[in-house]
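Structure first, commentary second.
These numbers come from the heavy atoms of this one structure, side chains and all, not from hydrogens, waters or symmetry mates. In this chain, residues are counted from 1 in sequence order. From a predicted model like this one, the values you see are computed outputs, not experimental measurements.
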Amino acid sequence: MPDVMSSSRLIGVGVGPGDPELVTVKGVNALRAADVVVVPVMDTGERGRAEATVLHYVPQEKVVRVVFALNERSDHSRREAAWDAAGERVAQLLAAHGSVAFATIGDPNVYSTFTYLAHTIGELVPGVVVETVPGITAMQDLAARSGAVLTEGTEPLTLVPVTAGSAVLKDALNGPGTVVAYKFGRQAAEVAEVLRETGRLGDAVWGSALGLEAESIRPAAELDGAPLPYLSTLIAPARRDGTRGGKL
């Protein structure tokens with residue numbers, strides 16, 4: 001692999017949950033300033049959500065699709081091989097270009113593909129400068145679109161990926177404050193049951209495809225057990241007594 005100058009930069013840019021208007025000014029500037037914008041895909045024939053958002057701000061010829069094992073959970077060796085191949089591809093791009101931006105939905109420091117890529121690149125390309133540009137998260141967008149208040153006063157906020165199991169979600173729901181669940185679409189039936197068991201079903205709301213044509217935002221009480229899109233988000237607000245500033 002060609003030598004890469006220490007001034008090479010890899011920038012993880014959060015492009016929000018899907019609505020192109022929710023990319024920050026700093027994010028747009030970072031995408032436009034980079035020599036190449038990498039977008040993650042599951043196969044090279046697919047346009048993912050990150051790419052669709054990026055194309056509102058940069059031309060197609062500047063975008064490079066890199067295959068990641070985004071859904072590989074059971075075969076550890078296959079997942080590692082895919083990560084290594086993706087890292088090698090991005091390292092090659094860094095060797096050929098001064099700066100490479102990696103567009104990730106949401107925020108690059110919140111359950112993002114970029115975390116694993118940055119770790120790999122740090123080993124492959126000594127001296128590379130790694131930076132991130134924060135992005136608006138799905139929970140913020142769902143809160144805005146549904147009217148759900150995430151936190152008040154001294155309330156804690158707990159974020160749980162349901163891929164960790166419904167027991168982890170149940171523990172969080174039995175605690176104080178608001179609970180946000182990510183990636184719960186395939187376990188929608190289990191999530192609905194846990195919400196009922198913990199008495200948190202009534203005020204909870206879920207959403208998917210936020211800011212896109214297929215957007216759906218519904219009360220969690222309407223969950224009927226049918227699978228939802230994988231990137232669904234749930235907000236179960238804290239138990240509140242309705243008084244202003246009651247948690248101050």
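The two residues Ala91 and Leu124 make their nearest non-hydrogen contact at CB-CD1, 4.3 Å. Contact record, Ala143 with Leu150: CB-CG, 3.9 Å, taken as the closest heavy-atom pair. The minimum heavy-atom distance linking Ala118 with Val130 is given by the pair CB-CG1, 4.0 Å. Of all heavy-atom pairs spanning Ile11 and Ser99, the tightest one is CD1-CB, 4.2 Å. Residues Ala103 and Ala50 come closest through the heavy atom pair O-CB, 3.7 Å. Closest approach of Ala101 to Ala30, counting heavy atoms only: CB-O, 4.4 Å.
Looking at heavy atoms from C-beta onward, Leu223 lies in side-chain contact with Leu228 at the 4.5 angstrom threshold. You'll find the side chain of Glu190 stays beyond 4.5 Å of the side chain of Val162, heavy atoms only. Inter-residue side-chain proximity for Gln187 and Leu169 is flagged as unmet; no heavy-atom pair is nearer than 4.5 Å.
Between the side chain of Tyr182 and the backbone N or O of Thr163 there is no donor-acceptor pair closer than 3.5 Å. Glu88 places no side-chain N or O within 3.5 Å of a backbone atom of Asp84 that could act as its donor or acceptor partner. Lys62 places a side-chain N or O within 3.5 Å of a backbone atom of Arg32 that can act as its donor or acceptor partner. No donor-acceptor pair under 3.5 Å is formed between the side chain of Glu222 and the backbone N or O of Pro219. Between the side chain of Thr178 and the main chain of Ala238, a donor-acceptor pair closer than 3.5 Å is present. Using a distance-only test at 3.5 Å, with no hydrogens or angles considered, no donor-acceptor pair links the side chain of Ser112 to the main chain of Asn109. Formation of a donor-acceptor pair under 3.5 Å by the Thr120 side chain with backbone atoms of Tyr116 is found in this model. Checking side-chain atoms of Asp35 against main-chain N and O of Val100 turns up no donor-acceptor pair under 3.5 Å.
Residue Tyr57 places its OH atom among more than 12 non-hydrogen atoms of other residues, nucleotides or ligands, all under 6.0 Å distant. At most 12 non-hydrogen atoms from other residues, nucleotides or ligands lie less than 6.0 angstrom from CD of Glu21.
Val110 and Ile105 are assigned to two separate hydrophobic clusters, defined by single-linkage of ILVMFWY side chains at heavy-atom distances under 4.5 Å. Hydrophobic clustering (ILVMFWY, side-chain heavy atoms < 4.5 Å, transitive): Val194 and Leu234 are in one cluster. Two different hydrophobic clusters hold Phe184 and Met139 under the rule that ILVMFWY side chains link at heavy-atom gaps under 4.5 Å. Placement of Ile217 and Ile235 within a single hydrophobic cluster is found when ILVMFWY residues are connected by side-chain heavy-atom separations under 4.5 Å, directly or transitively. Tracing side-chain contacts under 4.5 Å through hydrophobic residues (I, L, V, M, F, W, Y), one never reaches Leu159 starting from Val179; they form parts of separate clusters.
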Under 3.5 Å, sequence neighbours excluded: what are the donor-acceptor pairs made by side chains of residues 200-210?
unit_1 : atom_1 : unit_2 : atom_2 : d
Arg200 : NH1    : Leu173 : O      : 2.7
Arg200 : NH2    : Gly177 : O      : 2.8
Arg200 : NH2    : Ala236 : O      : 3.2
Arg200 : NH2    : Pro237 : O      : 3.2

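Within the model, atoms NZ of Lys183 and OH of Tyr230 stand 4.5 Å from one another, a figure rounded to the nearest 0.5 Å. How far CG of Asp107 is from CZ of Phe114: 11.0 Å, rounded to the nearest 0.5 Å. Taking NZ of Lys170 as the reference point, atom CD of Glu193 lies at 8.5 Å (rounded to 0.5 Å). Atom CZ of Arg49 sits about 5.0 Å away from atom CG of Leu231, to the nearest 0.5 Å.
Between Phe102 and Phe68, the ring planes are perpendicular. Angles over 60° get that label, and only those under 30° would be called parallel.
Using modelled atom types, one finds a donor on one side chain and an acceptor on the other under 3.5 Å when comparing Glu51 with Gln60.
Every residue meeting the side chain to side chain donor-acceptor pair (under 3.5 Å) condition with Asp141, not counting sequence neighbours, appears here in chain and number order: Arg145.
None of Val37, Leu22, Val23, Thr104 except one satisfies the side chain to side chain contact (heavy atoms under 4.5 Å, CB included) rule with Val15; the exception is Val23.
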